[in-house]
Amino acid sequence: MNRRRAVAGALALTVGVALTGCSSDSVPQLEVTGAFMPQPVSDMAAGFLLVKNSGDTTDRLTSVTSSLSDHVSIHETKNRTMRMVTSFEVPAGGELDLERGGNHIMFTDLKQQPKRGETVSVELHFEKADPIKVDIPVKETTYAPKKQ
């Protein structure tokens, strides 16, 4: 009888652990804030935003698409040198900050010149989370948000 209880207890523990692995807490919980694009002065533009992850799982921004350009990429800036990358980490309980002078979204070969006051629609694609659509407001060319 004790052996049956031990087996039943072990089975219940195994099922509980398996279900915990599938809980909604194990998925990234992403939110995008602070998006902006300085008004472009050429056929290239940059986009900036903050992706917050309040979930327990790290995710990765893998690409960005937009009707503004067929050539949208994500760029890393280190030591004043910019290079295209394949993804950016969005850490669990942390954030990915795409900011002026740092990592950013790069639009090349623009199909049109967005003007201050307009918005540019983009879709952010992630490794685990569903895509997020963001309307990025176009600001003056010299716009730089105040850090909090």
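The figures here come from the full heavy-atom set of this structure, side chains too, leaving out hydrogens, waters and symmetry mates.
- By the 4.5 Å heavy-atom criterion applied to side chains, Pro38 and Phe48 are counted as neighbours.
- Side-chain contact between Gln113 and Pro40 is present, with heavy atoms from C-beta onward closer than 4.5 Å.
- Residues Met37 and Thr119 fail the side-chain proximity criterion, which asks for heavy atoms closer than 4.5 Å.
- Contact between Ser66 and Ser121 at its shortest, heavy atoms only, is OG-O, 2.8 Å.
- Of the possible donor and acceptor atoms, one in the side chain of Ser69 sits under 3.5 Å from a partner among the backbone N and O of Thr108.
- Note on Leu50: it does not cluster hydrophobically with Leu98, by side-chain heavy-atom contacts below 4.5 Å among ILVMFWY residues.
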* Asked: What's the verdict on side chain to side chain contact (heavy atoms under 4.5 Å, CB included) for Thr141 and Val41, showing C-alpha distance, side-chain angles and the deciding distance?
  -> CA-CA 8 Å; Thr141 303; Val41 295; 4.0 Å; yes

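- Panel note: side chain Asp59, backbone Glu127; a donor-acceptor pair is recorded below 3.5 Å.
- The closest side-chain heavy-atom distance from Phe36 to Val138 is not below 4.5 Å.
- Between the NZ atom of Lys133 and the OG1 atom of Thr65 there is a distance of 8.5 Å, given to the nearest 0.5 Å.
- Other residues, nucleotides and ligands place no more than 12 heavy atoms under 6.0 Å from the CZ atom of Arg116.
- Across all non-hydrogen atoms, the minimal contact from Gln39 to Pro114 is CG-O, 3.5 Å.
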* Assess whether side chain to side chain contact (heavy atoms under 4.5 Å, CB included) is satisfied between Met84 and Met106, documenting all intermediate values. => CA-CA 9 Å; Met84 186 170 36; Met106 179 61 75; over 6 Å; no

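- In this structure the side chain of Gln112 reaches within 4.5 angstrom of the side chain of Leu68, judged on heavy atoms.
- Counting only distance, with no hydrogens or angles, the side chain of Asn79 and the backbone of Thr81 share no donor-acceptor pair below 3.5 Å.
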* To do: Please assess His75 against Ser73 for the test side-chain hydrogen bond (donor to acceptor under 3.5 Å, both in side chains), listing each intermediate value before the final yes or no.
  => CA-CA 7 Å; His75 285 207; Ser73 54; 2.9 Å; yes

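- Environment of NZ in Lys128: crowded, with over 12 heavy atoms of neighbouring residues, nucleotides or ligands closer than 6.0 Å.
- The only member of Glu31, Gln29, Glu95 that meets side chain to side chain contact (heavy atoms under 4.5 Å, CB included) when paired with Ser54 is Gln29.
- Considering all non-hydrogen atoms of both residues, Ala35 and Val134 come closest at CB-CG1, 4.0 Å.
- Considering Val85, Thr86, Asn103 as possible partners of Ile74, the one that fulfils the side chain to side chain contact (heavy atoms under 4.5 Å, CB included) test is Val85.
- Proximity of Ile132 to Glu123: side-chain heavy atoms (C-beta onward) are nowhere separated by under 4.5 Å.
- With Thr62 contributing its side chain and His125 its backbone, the two residues share a donor-acceptor pair below 3.5 Å.
- The shortest heavy-atom contact between Lys111 and Ser67 is CD-O, 3.3 Å.
- Considering every non-hydrogen atom in both Thr142 and Arg100, the closest pair reads C-NH1, 3.8 Å.
- Here the CG-CG distance, from Leu110 to Asp70, works out to 11.0 Å after rounding to the nearest 0.5 Å.
- Side chains of Leu124 and Leu61 form a contact here, defined as non-hydrogen atoms less than 4.5 Å apart.
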* Asked: Between Phe107 and Asp43, does a side chain to side chain contact (heavy atoms under 4.5 Å, CB included) hold up when you go through it step by step?
  -> CA-CA 8 Å; Phe107 303 79; Asp43 68 342; over 6 Å; no

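- No donor-acceptor pair closer than 3.5 Å links the side chain of Thr77 to the backbone N or O of Gly101.
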* To do: Start with the C-alpha gap between Asp135 and Val120, add the side-chain angles, then the distance that decides, and say whether side chain to side chain contact (heavy atoms under 4.5 Å, CB included) holds.
  => CA-CA 5 Å; Asp135 288 329; Val120 172; over 6 Å; no

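- Residues Phe126 and Val27 fall into different hydrophobic clusters, defined by Ile, Leu, Val, Met, Phe, Trp and Tyr side chains chained together at heavy-atom separations under 4.5 Å.
- Between Val72 and Ile105 there is a side-chain heavy-atom pair separated by less than 4.5 Å.
- A salt bridge links Arg83 to Glu76: at least one charged side-chain nitrogen sits closer than 4.0 Å to a carboxylate oxygen.
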